[in-house]
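Heads up: the structure comes next, in structure tokens.
Source: prediction; values computed, not measured. Below, read A as the first sequence line, B as the second, and so on, with proteins coming before strands; counting in each chain starts at 1. Computed from heavy atoms alone, side chains included, the values below leave out hydrogens, waters and symmetry copies.
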Amino acid sequence: MGDDGREIPDQAPRDDESLVRRAKLDALRAAGEEPYKLNFDVSHPVSALTAEFGSLGAGEDVTDVVSLAGRLVAKRDQGRAIFLVLRDGTGDVQIFCRLNVLGEEAFSRIGELDLGDWVGATGTVLRTRRGELSVVPTEVTLLSKSLRPLPEKYHGLADTETRYRQRYIDLIANPEVRDVFLTRFRIVASIRRFLESRGFLEVETPMLHPIPGGATARPFVTHHNALDMELYLRIAPELYLKRLLVGGFERVFEINRSFRNEGISVRHNPEFTMLEVYQAFTDMRGMIELTEALIKNAATEVLGTTTITYQGEVVDLGRNWRRATMIELTSEAADQDVSFARSLDELRGLCAKHEVPVEASWGKGKLITELFEKLVERTLIEPTFVTEYPLETSPLARKITGREELTDRFELIITGREFANAFSELVDPVDQRERFAAQMAAKAGGDVEAMGYDEDYLRAMEYGMPPAGGMGLGIDRLVMLLTDSASIRDVLLFPALRPEA
RNA sequence: GGGCCGUUAGCUCAGCUGGUAGAGCAGGGGACUCUUAAUCCCAAGGUCAUAGGUUCGAUCCCUAUACGGCCCA
């Protein structure tokens with residue numbers, strides 16, 4: 001019975017194989033053996049075994065005793081010999097079980113093991129005549145009984161729904177999936193090392209925000225009972241990180257989970273991982289240098305190369321990355337001047353011509369940005385820093401002196417997709433107050449993505465924020481790029497799905 | 001939100017023009033002391049996603065729903 005008194009249905013598996021496994025479990029317990037051991041002493045992970053005994057020739061053996069443990073992933077019964085394959089976090093190894101070494105009783109218990117069981121083995125090392133490095137055990141121990149059958153050994157698990165819902169099976173059955181996630185973790189570790197080597201501090205800032213800010217996106221809303229107030233899951237950590245600049249932390253970064261209450265697609269998950277970096281006394285150009293070095297470093301450290309293939313397209317990350325302004329790129333693609341020199345009506349006409357849907361409230365900056373995204377973005381395959389973004393769509397970026405409708409900002413485009421966004425930070429509190437007011441006007445006009453008016457952030461700025469550059473990088477997208485993954489779900493361990501049917 | 005596709009044994013997949021379903025792997029029984037997608041023999045395993053409809057008869061045709069995938073917004 002559950003807490004509320006309702007019956008909880010017994011969801012234990014009922015298929016024949018699971019029933020057989022359950023019966024084995026019960027039989028073990030009845031015979032006094034614990035099928036879920038407390039622990040096991042491992043002397044050699046598989047990789048260490050290979051390293052230490054890899055030079056053994058075919059047919060050679062040694063008397064060194066080793067202990068290792070892993071999941072049973074193959075079992076080949078030869079009558080008076082049984083070959084097991086154990087898989088641990090570092091690789092696979094064969095266990096060559098022989099009746100004459102183990103004795104009748106121990107040998108028959110090995111016969112009862114099922115694929116998927118966690119097993120420990122202790123014995124000597126041998127390379128078989130066929131050349132397979134193996135352990136010949138004197139003792140084989142069931143460490144944890146598996147009650148459900150694994151997917152098929154050869155084809156693995158193919159059903160996408162099961163792969164995403166039950167990632168643990170995907171990780172067991174599909175080694176290439178495991179490799180993608182290993183690569184992900186290495187990329188994140190590489191980024192941390194890179195930033196720490198440059199004197200950045202990794203910090204943690206709130207995920208529950210009283211005012212959604214730092215980006216333009218719909219937030220998730222939640223409620224704090226004790227405070228009886230609405231809170232928003234952060235859409236970006238930007239405004240808190242910049243408060244730290246005010247506080248005197250001059251180089252900070254956060255590898256953060258952020259949340260946006262928007263659709264799910266091959267490139268969007270409601271929660272996603274971003275890197276945000278802030279560095280005092282530099283500007284957008286400093287962020288260009290940092291971003292380029294950080295990504296090149298990650299590719300080199302994790303992949304060993306800066307030449308990558310993404311979905312059939314070869315991309316060279318190794319060269320100096322192109323820089324071009326939004327207006328020059330868009331003008332080139334539209335084959336005419338697309339700039340603030342054009343009238344609002346002319347820009348609207350261009351949008352109509354290129355089938356870009358527009359809203360009446362949009363100014364020139366938003367129209368130019370939309371034209372850029374429609375005409376240019378997907379054509380930029382090689383890494384390109386697109387600079388000089390309109391003020392209208394950049395409420396936290398510093399204006400370019402003397403060209404007040406533009407900000408000193410870039411977005412990094414690779415394979416036609418946005419990877420990073422950075423700017424010379426707006427540190428002028430008077431200007432920032434005006435920008436927030438414009439956001440409030442947009443919100444009042446029905447823009448659900450507009451930023452909130454963050455008075456405390458303004459107060460912080462009024463104490464003085466040092467000149468700074470800041471950058472945000474989509475970690476999931478970077479991992480997709482470096483692992484040649486078509487969908488963000490393939491780089492998220494547990495992607496968002498509807499509840500099971 | 002719209003369009004297209006998918007859902008068959010634990011897993012991977014077949015299934016013809018509508019006549020109540022097959023294989024391989026896994027599992028069960030048996031043989032085998034150097035196998036490695038082991039091999040060989042035997043037997044078993046299905047609410048064809050769910051709910052309706054058409055039909056003498058539906059895994060198959062139609063409708064709706066659920067979940068998933070892809071494309072578009």
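- If you check every strand for non-hydrogen atoms under 4.0 Å, A:Lys75 touches nothing.
- Taking for each of A:Leu115 and A:Arg98 the nucleotide of RNA chain B with the nearest heavy atom, the 5'-most of the two is the partner of A:Leu115.
- B:G22 and B:C13 make up a base pair, with Watson-Crick or G-U wobble contacts both under 3.5 Å.
- Nucleotide B:U55: unpaired (no Watson-Crick or G-U wobble partner with both distances less than 3.5 Å).
- In this structure, A:Asp316 contributes its side chain and A:Thr307 its backbone to no donor-acceptor pair below 3.5 Å.
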* Asked: Just by protein heavy atoms under 4.0 Å, how would nucleotides 68-73 of chain B read 5' to 3' in B, S and -?
  -> SSSS--
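- B:U36 and B:C61 have their C1' atoms separated by 48 Å, given to the nearest Å.
- Judged purely by atom type and a 3.5 angstrom limit, A:Ser146 has no side-chain atom pairing as donor or acceptor with the backbone of A:Ser144.
- Computed from coordinates, the A:Asp159 CG to B:A9 C1' distance equals 14 Å when rounded to whole Å.
- Nucleotide B:U7 is matched to B:A66 when pairs are restricted to Watson-Crick or G-U wobble geometry with both distances under 3.5 angstrom.
- A distance of about 6 Å separates the C1' atoms of B:C60 and B:G18, rounded to the whole Å.
- Aromatic pair A:Phe83/A:Phe96: ring centres closer than 6.0 Å.
- When both pairing distances are held under 3.5 Å, B:C32 makes no Watson-Crick or G-U pair with any nucleotide shown.
- Residue-level contact check: A:Gly156 touches the backbone only, with heavy atoms under 4.0 Å from sugar-phosphate atoms and none from bases.
- For the pair A:Glu500 CD and B:A49 C1', the interatomic distance rounds to 13 Å; values are reported in whole Å.
- Inspection of the A:Thr216 and A:Glu449 side chains reveals no N or O donor paired with an N or O acceptor under 3.5 Å.
- Distance noted for atom P between B:C56 and B:C72: 45 Å (whole Å).
- Residues A:Thr162 and A:Arg21 both approach RNA chain B. Their nearest nucleotides, taken by heavy-atom distance, put A:Thr162 toward the 5′ side.
- Counting non-hydrogen atoms under 4.0 angstrom, A:Asn100 reaches a base of the nucleic acid.
- Although no hydrogens or angles enter the test, the distance criterion places a donor-acceptor pair under 3.5 Å between the side chain of A:Arg435 and the main chain of A:Ala397.
- Judged by the 6.0 Å and 45° rule, A:Arg417 forms no cation-pi pair with A:Phe419.
- Annotation: side-chain hydrogen bond (donor to acceptor under 3.5 Å, both in side chains) contacts involving residues 472-484 of chain A, sequence neighbours excluded, comprise A:Arg184-A:Asp476, A:Gln311-A:Asp484, A:Thr483-A:Ser485.
- Within 4.0 Å (heavy atoms only), A:Ala158 reaches sugar-phosphate atoms of the nucleic acid but no base atom.
- OP1 or OP2 of B:A26 lies within a sub-4.0 Å distance of a side-chain N or O belonging to A:Lys153.
- Of the listed nucleotides (B:A37, B:G28, B:U36), B:A37 has the atom at the smallest distance from the side chain of A:Tyr154.
- Taking the side chain of A:Arg76 as heavy atoms from C-beta on, and the options B:G27, B:U12, B:U36, the nearest nucleotide is B:U36.
- Between A:Ser343 and A:Asp345, the side chains place no donor N or O within less than 3.5 Å of an acceptor N or O (distance only, hydrogens not considered).
- Applying the Watson-Crick and G-U wobble criteria (two distances, each under 3.5 Å), B:A37 pairs with nothing in any strand.
- Applying the 90° cutoff around 0 to the glycosidic angle, B:U39 is assigned anti.
- Looking at the side chain of A:Leu99, the nearest of the listed nucleotides B:U33, B:G27, B:C32 is B:U33.
- Rounded to whole Å, atom P of B:A9 lies 16 Å from atom CZ of A:Arg148.
- In the set B:G28, B:C25, B:U33, the nucleotide with an atom closest to the side chain of A:Lys24 is B:G28.
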